[in-house]
Protein chains: 2
Amino acid sequence: MSEHYSISDLATEFGITPRTIRFYEDHDLLAPERDGQRRIYSRRDRGRLAWVLRAKRVGFSLSEIADMLDLYDLDDDRAQQRHVTLEMCRKQLQDLESQRHDLDATIDELSSFCDLLEKLEAGQDPASLKPSFPAFFTEPRP
Amino acid sequence: MSEHYSISDLATEFGITPRTIRFYEDHDLLAPERDGQRRIYSRRDRGRLAWVLRAKRVGFSLSEIADMLDLYDLDDDRAQQRHVTLEMCRKQLQDLESQRHDLDATIDELSSFCDLLEKLEAGQDPASLKPSFPAFFTEPRP
DNA sequence: CTTGACGTTTACGTTAACGTAAACTTAGTC
DNA sequence: GACTAAGTTTACGTTAACGTAAACGTCAAG
């Protein structure tokens, strides 16, 4: 009943390359069994990989993921593991929301710059525009 | 009337390091005059630098910025330059909005994962939860 | 037998935007 | 003349997450 997977089984299933999976193993995110040289992945390994990929999707770095996985291996009733993971998720959530703020501000700035360019395109007088903005455009070349 | 600036003048004014300014020069974003070895920046150089930094703020890479600046140097009446720049800005704006979509999706996924962890924290039965989600948490260790 | 598919390890390459250190010159001041 | 501050060039280091290539092992099919 305990299914096994080859490295390319998992690679194709998750849409990644074998190189990536070995890279994760090098960084202690996975530790599959061996049949001689060949890596044999259990269902638990598969679950770990799925966890790693989802954590990556939500913006965690591999070292942060490693921390959470280490914690999982240490904590026998997994209460502390869940707790720490939850804290990390909350902090990450704050980071992401801060990123969204920055991104929105960037979009706003770029939008108004587009507006300005469109006005110039429409043949406005550059002198009538805010002086700070198109300084480079109005500055003469030597 | 044509003011001049030293490299540290501009560095302090814009809150960057001299190294950064030299780096930009290495990549043909700036081309200041020289007094022997020393770099002398004109007001046009200062305008270019301001332009570079603003373009960076709105998410352009240095090579994209270089393209726009090259265009500026080529286009004598600057009509084409503005036009191409406007196109690049619109495309960049699309990229940023697509990034925001991804970011929002990530935030959603992470939020619901937080919810799940909170339920576990509150002492729910793991078996009652969606099986796909906490697969790794419920999977036993060998 | 040999070809091909799959696996392995080792190790250097990639990208962006600089940081950092070494070793030197130039200008101004005490 | 010595010291200090600021400047210069050259060149290697940094970070993340792999890609890519070399050189080799293994096993089943034709």
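Just so we're clear, the structure is a prediction, and the values are computed from it rather than from any experiment.
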**Any side-chain heavy-atom pair of A:Glu33 and A:Arg39 under 4.5 Å** = no
**Request:** Starting at CG of A:Leu117, measure out to CE of B:Met88 and round the result to the nearest 0.5 Å.
**Result:** 11.5 Å
**Message:** Does C:dA17 have its OP1 or OP2 closer than 4.0 Å to a side-chain nitrogen or oxygen of B:Ser61?
**Reply:** no
**Request:** Please tell me which of the listed nucleotides, C:dG7, D:dC18, D:dT9, lies nearest to the side chain of B:Arg22?
**Result:** D:dT9
**Request:** Let me know the distance between CG of A:Leu53 and C1' of D:dA17, rounded to the nearest Å.
**Result:** 13 Å
**Prompt:** C:dG7 P sits how many Å from A:Tyr5 OH, rounded?
**Reply:** 16 Å
**Prompt:** Could you state the CG-P distance from B:Asp26 to C:dG19, rounded to the nearest angstrom?
**Reply:** 13 Å
**Fill in**
Judged by nearest nucleotide, the residue sitting upstream toward the 5' end of DNA chain C, A:Arg39 or B:Leu62, is A:Arg39
**Prompt:** Between D:dC18, D:dT9, C:dC6, which nucleotide gets closest to the side-chain atoms of A:Arg38?
**Reply:** C:dC6
**Request:** State whether A:Tyr24 places a side-chain N or O below 4.0 Å from either non-bridging phosphate oxygen (OP1 or OP2) of D:dA17.
**Result:** no
**Prompt:** So do the side chains of B:Val52 and B:Leu69 get within less than 4.5 Å of each other, counting heavy atoms only?
**Reply:** yes
**Proximal nucleotide (of C:dC18, D:dG19, C:dC6) relative to the B:Phe23 side chain** = C:dC18
**Message:** Within the 4.0 Å heavy-atom criterion, would you say A:Ser63 contacts the bases, only the backbone, or no part of the nucleic acid?
**Reply:** nothing
**Asked** With distance as the sole test, does A:Asp45 use its side chain to make a donor-acceptor pair with the main-chain N or O of A:Ser42 at under 3.5 Å?
**Response** yes
**Request:** Using atom CG of A:Leu29 as one end and atom C1' of D:dA17 as the other, report the distance to the nearest whole Å.
**Result:** 11 Å
**Prompt:** Looking only at N and O atoms, is any donor in the side chain of A:Arg19 or the base of D:dG19 less than 3.5 Å from an acceptor on the other one?
**Reply:** yes
**Request:** When you get a sec, tell me which of C:dG19, D:dG19, C:dG7 is the closest nucleotide to the side chain of A:Ser6?
**Result:** C:dG7
**Request:** Quickly work out the A:Gln37 CD to D:dC27 P distance and round it to whole Å.
**Result:** 11 Å
**Request:** Rounded to the nearest angstrom, tell me the gap between atom CG in B:Asp35 and atom P in D:dG7.
**Result:** 13 Å
**Prompt:** If you round to the nearest 0.5 Å, how far is CD of A:Glu13 from OG of A:Ser8?
**Reply:** 11.5 Å
**Message:** How many whole angstroms separate atom CD1 of A:Ile7 from atom C1' of D:dT26?
**Reply:** 16 Å
**Prompt:** Atom NE2 of B:His4 to atom C1' of D:dA6: distance rounded to whole Å?
**Reply:** 19 Å
**Item:** Of the listed nucleotides C:dT8, D:dC18, D:dT8, the one nearest the side chain of A:Thr20
**Value:** D:dC18
